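Numbering of ligands and ligand atoms starts at 1, following listing order. Since this is a predicted model, take the numbers as computed values, not measurements.
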Amino acid sequence: MTDMTKNVTENPIAANAEVGIDSLALYTPAFYIDLVELARKRGVDPDKFTNGIGQDQQAVAPSNQDIVTMGAAAALKALYFSGETEAAGFHDVGLLIVGTESGVDASKASALFVHDLIGLTPWCRCLEIKEACFGGTAALLTAYDYVKAHPDKKALVIAADIARYGLDTPGEVTQGAGAMAMVVSRDPRLMVLEPHSTAYSASIGDFWRPVYTDMALARGKYSTEQYVDFFGKVWKRYGQETGRTLADFAALCFHLPYTKMGMKAFKPVLDAWELLDEGSSGSLRKEPTDRLRDRYRLSTVYSRRVGNIYSGSLYLGLLSLLDNDPSLQEGDRIGLFSYGSGAVGEFFSGILRPGFRQVLHSDHTRAMLDKRFKLAIDSYERVFQDVVPYGPEDFTTTRQLLDKTNPFILDRVEGQERIYRRLGDSPRW
Ligand code: CAA
């Protein structure tokens, strides 16, 4: 309990500490499908998928990968990028949270499996947190509060999901798989999180997943309308609470279930700003919207190739923006809109730190995406159906699709318990 007794009021350093994201890392499986090929197989005009939906490729997770193995791979990278090493025992990490809506057990937190695989000290609080795609943000903001209260500690946040709607469903084109991991610390090197945020919650039936299936159910059109509505509400209130306008932001990143979704919500705000422009300060007012539109596009580069990773999608968008926009500078404010069906929407922000580019490992991330193997659609359909059953029977995962970039696999389910294995040393990142 020694740590727990220190709180913000007792510790003046904590009250003033700048807390935020020290490192940010992606893991996505080494297998993907081409969505033009999927469109042809489904008898759909490929332009619908690539332009109407805005997706080019989709990550495919074989049965030996789940949120634990993907999360562990992303977490090890984030820890290495943050300067932590396995040899040193990662002893600074006092909190590990996994945000996910693809949980592998209704009771035991996936964070405990990850904790074991990556070798964290036992003196660490481990938990899983859920609110659909908002789970990653819930984890990040909880970690922020934890580090504010315990500034000598770090928190490890994982947002991992496998988005599954089913073969030949309207949602199939918006599937994907992957994990984002973040180390949250005092004096972070990537982005300081600002304390003000605006959240809005309402119980609605736009998207859900009953406990007996791994495939989500969605009221597709309604869910997109709710996303737009939630963003409109939180953006308006955030502006009233902070006095900030679009001009205060270098870029806005959105939860991206598919890359056209964020812009559906952003466009009305951009258009309204441009209308205000008329009769006032002319092109000076137009300039932020051109820049914001362009940076929105850069935030979607990775999602176009990975697809929806639910709780991690917003952070995949942030990584994409940081890796692909060389014009961003220290001190730039980035707005982040998180949406989790069911539903919660929250808008918050961060400020880029001096030297933030040195923490990014852009070449590694691009190489990971470029070196993936393309699956034919027939193979993808077989992989899609080769999954851990929702039942008590034993199951051994595939050995045909092993990803050499991830040292962790789900080996089998035996006696209703999941058995994970580490196949070798960590790759050097
Ligand atoms: N060429 C170019 N564009 C075309 C086209 C063609 N030949 N044919 C259609 N399009 C366009 C349509 O005009 C439409 O564009 P707009 O959205 O700008 O109007 C777009 O392609 C999609 O067409 P449809 O609306 O007809 O697509 P659909 O009915 O097949 O469903 C979907 C699309 C609702 C997104 C569906 O994929 C789905 O249900 N996805 C899962 C739910 C989802 O992602 N919801 C998002 C909000 S909820 C959330 O964010 C949480 C989460 O992660 C799930």
Show me which atoms of ligand 1 lie under 4.0 Å from any heavy atom of [X].
X: Ser341; value: 48 (S), 49 (C), 51 (C)
X: Tyr258; value: 35 (C), 44 (O), 46 (C)
X: Ser223; value: 42 (C), 43 (C), 45 (N), 46 (C), 47 (C), 48 (S)
X: Phe207; value: 54 (C)

*Lys/Arg cation over aromatic Phe356: Arg189, 6.0 Å, 45° cone*: no

N/O to N/O below 3.5 Å, does that happen between [X] and ligand 1?
X: Pro170; value: yes
X: Lys48; value: yes
X: Tyr227; value: no

Sub-4.0 Å protein heavy atom near [atom]:
atom: atom 1 (N) of ligand 1; value: yes
atom: atom 48 (S) of ligand 1; value: yes
atom: atom 52 (C) of ligand 1; value: yes

*Do you know which of Asp411, Thr69, Thr397 makes side chain to side chain donor-acceptor pair (under 3.5 Å) with Arg421?*
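The passing option is Asp411.
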
*Measure the shortest side-chain to side-chain distance between Val93 and Leu79 over non-hydrogen atoms and say whether it is less than 4.5 angstrom.*
yes

*Does any non-hydrogen side-chain atom of Asp378 lie less than 4.5 Å from one of Arg382?*
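Yes, their side chains come closer than 4.5 Å.
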
*From the candidates Lys267, Lys260, Lys264, the one that places a heavy atom nearest atom 16 (P) of ligand 1*: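 Heavy atom nearest to atom 16 (P) of ligand 1 belongs to Lys264.
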
*To which of Asp45, Thr50, Asn51 does the heavy atom nearest atom 7 (N) of ligand 1 belong?*
Asp45

*Heavy-atom contacts under 4.0 Å between His255 and ligand 1: side chain, backbone, both, or neither?*
side chain

*Please work out whether any backbone atom (N, CA, C, O) or any side-chain heavy atom from C-beta onward of Cys133 is under 4.0 Å from ligand 1, and answer side chain, backbone, both or neither.*
side chain

Donor-acceptor pair between [X] and [Y] side chains, under 3.5 angstrom:
X: Thr198; Y: Glu241; answer: yes
X: Gln65; Y: Asp403; answer: no
X: Gln175; Y: Tyr258; answer: no

*Inspect the contact between Arg164 and Glu172 and indicate whether a charged nitrogen and a carboxylate oxygen are less than 4.0 angstrom apart.*
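Salt bridge flag = no for Arg164 with Glu172.
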
For [atom], the protein heavy atom that lies nearest, with its residue and separation:
atom: atom 39 (O) of ligand 1; result: Gly220 CA, 3.4 Å
atom: atom 12 (C) of ligand 1; result: Gly52 CA, 4.9 Å
atom: atom 22 (C) of ligand 1; result: Ile53 CD1, 3.8 Å

*Aromatic ring proximity, centroids under 6.0 angstrom, His196 and Tyr238*: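 Yes: the rings meet the under 6.0 Å criterion.
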
*Nearest 0.5 Å, what's the CZ-CG distance between Arg297 and Leu292?*
13.5 Å

